[in-house]
Amino acid sequence: MALWLVSVPAFAEPSLPLGHYPLPETGNIVGETYTVNVEDEEDTLLDIAHAHGVGYEEIRRANPDISLWVPGKGTQVQIPAQHILPDVERKGVVINIAELRLYYYPEVQEGETPRVETYPIGIGRDGFDTPLGITKTTMRLENPAWYPPESVRQEAAERGDPPPNVVPPGPDNPLGQHAILLDIPGYLIHGTNQPDGIGMRASRGCIRMHPDDIKAVFEQIPNGTQVNIIDEPV
């Protein structure tokens with residue numbers, strides 16, 4: 001993993017992992033924008049985005065004049081790591097599709113500081129909108145099999161490349177290694193075997209997370225957790 005020279009946010013708490021913040025006592029802002037200098041000629045802008053917990057659209061909007069694939073050694077890259085917490089109840093999982101970002105508010109023990117964890121996500125592309133509303137998690141699956149839906153099978157058949165009835169766990173499985181089922185038939189929060197798509201509208205409606213990110217929350221989010229899917233542009 002490449003190293004970058006980082007301008008660290010002045011109020012960052014080193015004890016908290018990347019993307020984890022104590023809830024503000026007032027207001028709704030967490031995190032801070034900062035810059036890094038690219039130290040490895042081989043790194044892409046997507047590599048830098050993943051290392052700092054932001055997605056494709058976020059890193060592109062923050063750095064419109066920098067090459068996606070060859071930012072170049074010594075280039076200064078802005079990391080848009082400041083977030084406005086959605087204006088909804090801070091409970092369970094909140095997914096803001098307008099922001100392509102997931103917020104998780106874990107339950108804390110008495111005396112612990114309430115906090116939020118936030119992660120970039122991929123969502124449904126045009127024609128496959130991620131549904132809005134309040135639902136809940138129902139089941140967690142490790143190394144899930146993927147059963148291609150009828151829409152996928154039809155598109156593949158038109159290309160002359162029909163998929164198998166089931167895709168077993170492994171590198172070809174688009175669900176990745178972890179999946180959290182929602183109480184909306186056919187919709188999941190899951191990993192991916194194409195992490196460069198995180199931060200894009202590229203799925204068929206499901207919520208994709210980077211494999212590292214969903215692994216971090218998989219054991220934390222119990223069955224029955226509230227999931228509020230909103231469209232709140234800022």
Side-chain angles (χ1 to χ4, degrees), residues 1-2 4-12 16-21 24 27-40 43-72 75-88 93-105 115-126 128-130 132 176 189-192 194-203 205-217 228-234:
M1 178 66 69
W4 296 278
L5 300 177
V6 182
S7 301
V8 179
F11 56 81
L16 292 177
L18 180 73
H20 294 216
Y21 306 99
N28 56 3
I29 302 292
V30 296
E32 186 173 81
T33 296
Y34 58 95
T35 60
V36 299
N37 291 329
V38 182
E39 289 293 307
D40 191 324
D43 283 315
T44 69
L45 207 57
L46 294 179
D47 294 327
I48 298 170
H50 170 52
H52 293 273
V54 297
Y56 173 86
E57 291 290 350
E58 292 172 314
I59 202 75
R60 291 297 294 146
R61 286 197 300 266
N63 302 276
D65 299 324
I66 296 177
S67 168
L68 182 66
W69 302 113
V70 189
T75 299
Q76 191 172 76
V77 176
Q78 187 176 62
I79 306 299
Q82 185 176 69
H83 308 291
I84 301 174
L85 298 177
D87 188 21
V88 294
V93 174
V94 176
I95 295 169
N96 188 3
I97 64 170
E99 194 181 6
L100 290 100
R101 184 157 285 274
L102 178 149
Y103 296 87
Y104 174 49
Y105 299 92
R115 68 182 190 277
V116 62
E117 304 175 18
T118 182
Y119 304 91
I121 57 173
I123 62 171
R125 64 180 187 265
D126 287 344
F128 294 93
D129 294 340
T130 301
L132 305 179
I189 301 171
H190 63 79
T192 180
Q194 296 179 327
D196 284 353
I198 299 302
M200 295 183 183
R201 298 174 181 268
S203 78
C206 287
I207 295 94
R208 296 179 180 177
M209 297 182 70
H210 193 281
D212 294 344
D213 292 342
I214 193 164
K215 183 178 180 180
V217 301
N228 191 1
I229 307 174
I230 64 173
D231 183 5
E232 187 176 277
V234 177

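- Val54 is listed as a side-chain neighbour of Pro80, based on a closest heavy-atom distance under 4.5 Å.
- When side chains are defined from C-beta on, Tyr103 counts as touching Leu85, because their heavy atoms get closer than 4.5 Å.
- Tested against Gln76 for a side-chain contact (heavy atoms from CB on, under 4.5 Å), the candidates Asn63, Thr35, Val36 yield a single pass: Thr35.
- Taking CZ from Arg125 and CZ from Arg201, the interatomic distance works out to 13.0 Å, rounded to the nearest 0.5 Å.
- You'll find the side chain of Ile66 reaches within 4.5 Å of the side chain of Leu45, heavy atoms only.
- You'll find the side chain of Tyr104 stays beyond 4.5 Å of the side chain of Thr118, heavy atoms only.
- With contacts defined as side-chain heavy-atom distances shorter than 4.5 Å, the pair Leu100/Pro120 does not qualify.
- Contact annotation: the side chain of Val94 approaches that of Ile230 to within less than 4.5 Å [non-hydrogen atoms, C-beta and beyond].
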Between Val93 and Leu102, does the side-chain contact (heavy atoms from CB on, under 4.5 Å) criterion hold? Intermediate values first, please. CA-CA 7 Å; Val93 174; Leu102 178 149; 3.8 Å; yes
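- Residues Val77 and Ile59 are in side-chain contact: their nearest non-hydrogen atoms beyond the backbone lie under 4.5 Å apart.
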Give the C-alpha distance, both sets of side-chain angles, the deciding distance and a yes or no for side-chain contact (heavy atoms from CB on, under 4.5 Å) between His190 and Cys206. CA-CA 8 Å; His190 63 79; Cys206 287; 3.5 Å; yes
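- Contact check for Tyr34 versus His52: side-chain heavy atoms found under the 4.5 Å cut-off.
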Applying side-chain contact (heavy atoms from CB on, under 4.5 Å) to Ile207 and Ile95, what does each step give before you reach the verdict? CA-CA 9 Å; Ile207 295 94; Ile95 295 169; 4.0 Å; yes
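- Side chains of His50 and Asp196: a donor-acceptor N/O pair is absent below 3.5 angstrom, by distance only.
- Side chain of Thr75 to main chain of Val38: no donor-acceptor pair is present (N/O by atom type, distance under 3.5 Å, no hydrogens or angles).
- Side-chain N/O atoms of His83 and Tyr21 include no donor and acceptor closer than 3.5 Å.
- Expressed to the nearest 0.5 Å, how far CD of Glu117 lies from CG of Leu18 amounts to 11.0 Å.
- Salt bridge Glu58/Arg101: present, at least one basic N to carboxylate O contact under 4.0 Å.
- For the pair Asp213 (side chain) and Met209 (backbone), a donor-acceptor distance under 3.5 Å is absent.
- Nearest heavy-atom pair, Tyr105 versus Pro86, reported as atom, atom and distance to 0.1 Å: OH-CD, 4.1 Å.
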Test side-chain contact (heavy atoms from CB on, under 4.5 Å) on Ile214 and Thr192 and set out the steps. CA-CA 9 Å; Ile214 193 164; Thr192 180; over 6 Å; no
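- When atom types are taken as modelled, the side chain of Glu99 and the backbone of Glu232 share no donor-acceptor pair closer than 3.5 angstrom.
- We find the OH-CD1 distance between Tyr119 and Ile198 to be 13.0 Å, quoted to the nearest 0.5 Å.
- Put simply, CD1 on Ile48 and CD on Glu39 are 10.0 Å apart, with the number rounded to the nearest 0.5 Å.
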